[in-house]
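Since the model is a prediction, treat every value here as computed from it, not as a measurement. Labels below follow one simple rule: chain letters A, B, ... track the order of the sequence lines, proteins then strands, and each chain is numbered from 1.
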Amino acid sequence: MKIENLCVRRLIGDVAGATTRGHKIAVKGGYIYQTFQGGYTLTPLGWSVVHKIENIIREEMNAIDGQEILMPVVCTADLWRETGRYDAMSVIAKFKGASGADYLICPTHEEVVTDYARSVLTSYRQLPFMLYQIQTKFRDELRVRAGLIRTREFIMKDAYSFHETQEDLEQYYQRCFDAYYRIFRRCGLKDFTDVLSSTGDMGGKIAHEFQLINEMGEDTLYICDCGFRANKELEDTDSTKCPKCGKELKKVRGIEIGNIFQLGKKYTDSMHMTYTAADGTEQTPIMGCYGIGVGRTMAAIIEESADDNGPIWNMETAPFAVEIIGLIDKENKALPIAEKIYDELRRDGVDVLLDNRDARAGEKFADADLIAAPIRLIVSNKNLDNDVIEVKYRVNDFDTSALPNEFGIKTCVSDVKNTITKLLHK
RNA sequence: CGGGGCGUAGCUCAGUCUGGUAGAGUGCUUGCUUUGGGAGCAAGAUGUCGUAGGUUCGAAUCCUGUCGCCCCGACCA
């Protein structure tokens, strides 16, 4: 992609209406565009990051035997009346179809997935299994906040597992728990943790949230040295003492990026999902569900990892792996070489952005900081005289001190590819 | 849904109190100079002042309705 053709508007100066650092940067860098209150368009840049986060999630969900599906965004009310949530859940957006049918935009998919799973399940031999999707949800929240931190429409990875026994659910719950740590680490998040949480509208007994510890967060967390960690929602007492060890609890703010629930039989019971067990009796499976806010995860990354000039991605999440900046010179030496390296990298399938604009260096550097490709190649007259391409790194959570700060002109393409590999395997 | 605030050029805003027919900065276009952290000079384009109605000789400005957006609260991933 050439930067002039990248359909993204970056802003200079203040962003009206944005209050948190992450929100300002996301708008200033042109990652998100507000279409309406609580609804954002993900720009080519923002969508690229989201897509990369989604792929990390896919890999880790598949690694714990998840099976990806796609369910409808909209649903008729009948399924939701089976569980009683059509009338019980406050955030559901409802509408009437042309025929007068009651529809809703799904705020979550327990009913829909259970309907599918019950159509498949007949025998205990099929258990356990986990189904997941990455899809848009809509919750008609009373209030939105801070860009992608709290929206009405949002992309969520939602996963649902079905089990014969509570022990099997607990074992799988732990696998998913561990997968979440891998996902968030790969996304470049650093200061995150799990906390006990309330089960809210989902039901069930045990639930954990994954929270990025951050001042901008909406949630208050209680944390104790003994390992006890809980959302204030759950442990909402006047006491500031740890219920486990009695010591004083620490209070921090968090951004909720994921949550997992041991649902039990709330949905499988009310929706009459059954199978024949080994002993020939009819049984109801036990269910778990596992969510990640995908857009919110992007927002959380920016909130945590950014400097005054823009976001700092890692190689797994950056919208471009490489940005090539060609600097203007009188003899027009640098630009053609920048373009040539660009063509070669592109031919090799590298995610690369070229900035050969007729613009000053400062403007190009400032834009590069906002786009934040981990590898920045600077092609200039000055460097070409030494037969080198200058390299700058902008990487979250990676010590680049051992990496070269220049590549040879002849070896540039393979040097770039080697460096990408290094940045991916830290 | 309660409380507060705001809608004027692509963006950030002034002008509204005290009515007289549209501004600044920045961005954009063209030319020349410049070119390693958002350059300089010159010329140029850009608005039904959110919207509907009312008052008035005359409304961005006053009045009423309505829509949208921001912040705080309650609700929630």
Find the partner of [N]: check Watson-Crick (N1-N3 plus N6-O4 or O6-N4) and G-U wobble (N1-O2, O6-N3) distances, both under 3.5 Å, and reply none if neither fits.
| N | answer |
| --- | --- |
| C69(B) | G5(B) |
| C75(B) | none |
| U55(B) | none |
| A42(B) | U30(B) |
| G19(B) | none |

If I pick the [atom1] atom on [M] and the same atom on [N], what distance separates them, to the nearest angstrom?
| N | M | atom1 | result |
| --- | --- | --- | --- |
| A60(B) | G47(B) | P | 15 Å |
| C13(B) | G40(B) | P | 23 Å |
| A22(B) | U46(B) | C1' | 12 Å |

Would you find a donor on one side and an acceptor on the other, under 3.5 Å apart, between the side chain of R394(A) and the backbone of D369(A)?
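Yes: the side chain of R394(A) pairs with the backbone of D369(A).
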
Which part of the nucleic acid, if any, lies within contact of [X], taking any heavy atom under 4.0 Å across all strands shown: a base, the sugar-phosphate backbone alone, or nothing?
| X | value |
| --- | --- |
| G17(A) | sugar-phosphate |
| A359(A) | base |
| D369(A) | base |
| K364(A) | nothing |
| D140(A) | nothing |
| A366(A) | base |
| T19(A) | sugar-phosphate |
| T35(A) | nothing |
| F154(A) | base |

Is the phosphate of A39(B) approached by R360(A) (side-chain N or O, under 4.0 Å from OP1 or OP2)?
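So the side-chain polar atoms of R360(A) do come within 4.0 Å of the phosphate oxygens OP1 or OP2 of A39(B), strictly under.
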
Short side-chain N/O contact from Q37(A) to OP1 or OP2 of C70(B), under 4.0 Å
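Looking at the OP1 and OP2 atoms of C70(B), one of them is under 4.0 Å from a side-chain N or O of Q37(A).
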
Run the ring-centre check on Y160(A) versus H109(A) and record whether the distance is less than 6.0 Å.
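For Y160(A) and H109(A), the ring centres are not under 6.0 Å apart.
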
Would you list the atom pairs, donor with acceptor, under 3.5 Å between side chains in residues 69-79 of chain A and any protein atom, with sequence neighbours excluded?
| unit_1 | atom_1 | unit_2 | atom_2 | d |
| --- | --- | --- | --- | --- |
| T76(A) | OG1 | D78(A) | OD1 | 2.8 |

From CA spacing to verdict: side chain to side chain donor-acceptor pair (under 3.5 Å), S161(A), Y290(A)
CA-CA 8 Å; S161(A) 70; Y290(A) 318 88; 2.7 Å; yes

side-chain hydrogen bond (donor to acceptor under 3.5 Å, both in side chains) partner of E68(A), the single match among Q133(A), K157(A), R58(A):
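Going through the options one by one, the only one that passes is R58(A).
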
